Amino acid sequence: MDTTIDLPEGSAAKALDLSNIRFQLIRLEDTITFHLIERVQFPLNATIYKAGGVRVPYSTLSLFDWFLREQEHLHSLIRRYQSPDEYPFFPDVLQKPILQPINYPRVLHPNEININDKIKDLYIHTILPAACAHSEREERGEKKENFGSSVTCDVPTLQALSRRIHFGKYVAEAKFRSETERFVKLIKAKDVKGLDDAITDTKVENKVLDRLALKAKTYGTDPDIAQIDPGKINDIVIPLTKEVEIAYLLQRLDGTEWDEKEAERVDDKSGPYVAHVGVP
């Protein structure tokens with residue numbers, strides 16, 4: 001839980017090794033596939049995602065949001081959200097951990113990128129309706145439906161999606177370090193199209209789709225019960241991952257030797273200019 005990547009005893013260089021990144025991405029794909037297979041054994045149960053759909057004492061949240069919020073509150077106590085690859089959906093509920101902090105080496109450039117709201121919206125309104133079994137009968141209410149089982153499967157699935165998508169920051173950092181001059185020019189020009197081209201590897205994306213298809217076929221259940229479409233998942237995961245990568249890269253020069261605003265600020269002061277190199 002502390003981190004997907006083995007940082008405490010490793011190094012920043014190890015975390016950004018492409019073979020290590022590939023291994024972590026495959027692990028996360030496995031996690032997403034397994035969790036989603038568990039989730040789709042139940043109907044969509046759309047009521048659990050609607051505020052007020054299920055009465056939750058002392059809360060106006062949907063059952064799903066309430067359960068996710070409560071779990072994040074609890075998990076923060078054992079330092080889950082001190083891990084550099086965990087991103088909370090409800091940061092306001094995080095508590096000071098009861099465990100001593102881990103001294104993670106700095107790998108990523110400081111940034112504030114968190115697209116969990118978009119990930120959650122697409123999970124609820126796109127992935128689940130396409131994946132869950134469709135029944136001609138209407139929901140029968142919380143006394144007869146698997147509302148509790150559904151949300152307990154939903155939360156780890158959504159969290160795994162979040163980690164997989166935000167892992168794009170590590171991919172972007174690795175690419176930045178491997179072709180620094182190229183990326184600095186693109187970032188300074190705010191060339192989003194150029195950045196998209198620079199981070200896109202169609203062969204890799206096709207391999208991801210092939211892996212997801214094989215895993216869904218291998219680990220899936222009766223196709224008459226649920227239909228997990230790897231293409232549908234891929235159409236969400238890859239664009240959102242690239243969105244995270246580009247957003248991260250656009251902030252990558254802030255406060256570094258390439259930051260013109262930082263250079264101007266330092267030049268205004270007396271004394272020689274000292275560059276703030278962004279690469280640890």
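This structure is a prediction, so every number in the text was calculated from the model and none was measured.
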Taken to the nearest 0.5 Å, the spacing of L186 CG from L250 CG works out to 10.0 Å

| task | Classify the ring geometry between H166 and Y87 as parallel (under 30°), tilted (30 to 60°) or perpendicular (over 60°). | result | parallel

Distance col, row R39:CZ vs D154:CG, nearest 0.5 angstrom, shows 4.5 Å

Show your reasoning for whether salt bridge (Lys or Arg N to Asp or Glu O under 4.0 Å) applies to R69 and D92. CA-CA 9 Å; R69 188 174 186 270; D92 59 302; 3.2 Å; yes

Can you find a heavy atom in the side chain of N116 that is under 4.5 Å from one in the side chain of I165? no

Open item on the list: Within the 4.5 Å heavy-atom criterion, are F67 and I48 side-chain neighbours or not?
Closed with: no

Residues pairing under side chain to side chain donor-acceptor pair (under 3.5 Å) where one sits in residues 56-67, two or more places apart or in two chains, turn out to be D65-K120

So CD of E173 and CZ of F183: to nearest 0.5 Å the spacing works out to 10.5 Å

Shortest non-hydrogen pair, W258 vs K188, comes out as O-CE, 3.3 Å

Between E245 and the options L195, I199, I113, the side-chain contact (heavy atoms from CB on, under 4.5 Å) test singles out I199

Hits for salt bridge (Lys or Arg N to Asp or Glu O under 4.0 Å) against K185, two or more places apart or cross-chain, chain-then-number order -> E181

When every non-hydrogen atom of Y170 is compared with those of I21, the smallest separation belongs to O-CD1, 3.7 Å

Those residues at least two apart in sequence (or on a different chain) that pass side chain to side chain donor-acceptor pair (under 3.5 Å) with K193 are D197

Interatomic distance, CG@N114 vs OG@S162, rounded to 0.5 Å, equals 6.5 Å

Any side-chain heavy-atom pair from T200 and K242 closer than 4.5 angstrom? yes

**Prompt:** Taking side chain as C-beta onward, heavy atoms only, is Y123 less than 4.5 Å from I236?
**Reply:** no

Output for pair (L161 CG, H35 NE2), nearest 0.5 Å, gives 10.0 Å

4.5 Å side-chain heavy-atom contact, F167 and V244:
no

Y49 versus L63: any side-chain heavy-atom pair under 4.5 Å? no

* To do: Identify whether the distance between the nearest side-chain nitrogen and carboxylate oxygen of R55 and E142 falls below 4.0 Å.
  => no

Rounded to the nearest 0.5 angstrom, the CZ-CZ distance for F42 and F147 is 12.5 Å

_Would you say that N111 contacts R252 through its side chain, given a criterion of any heavy-atom pair below 4.5 Å between the two side chains?_
no

Sub-4.5 Å side-chain heavy-atom contact between R80 and Q71:
yes

Hey, quick one: are V192 and L249 part of the same hydrophobic cluster, counting side-chain heavy atoms closer than 4.5 Å, chains of contacts allowed? yes

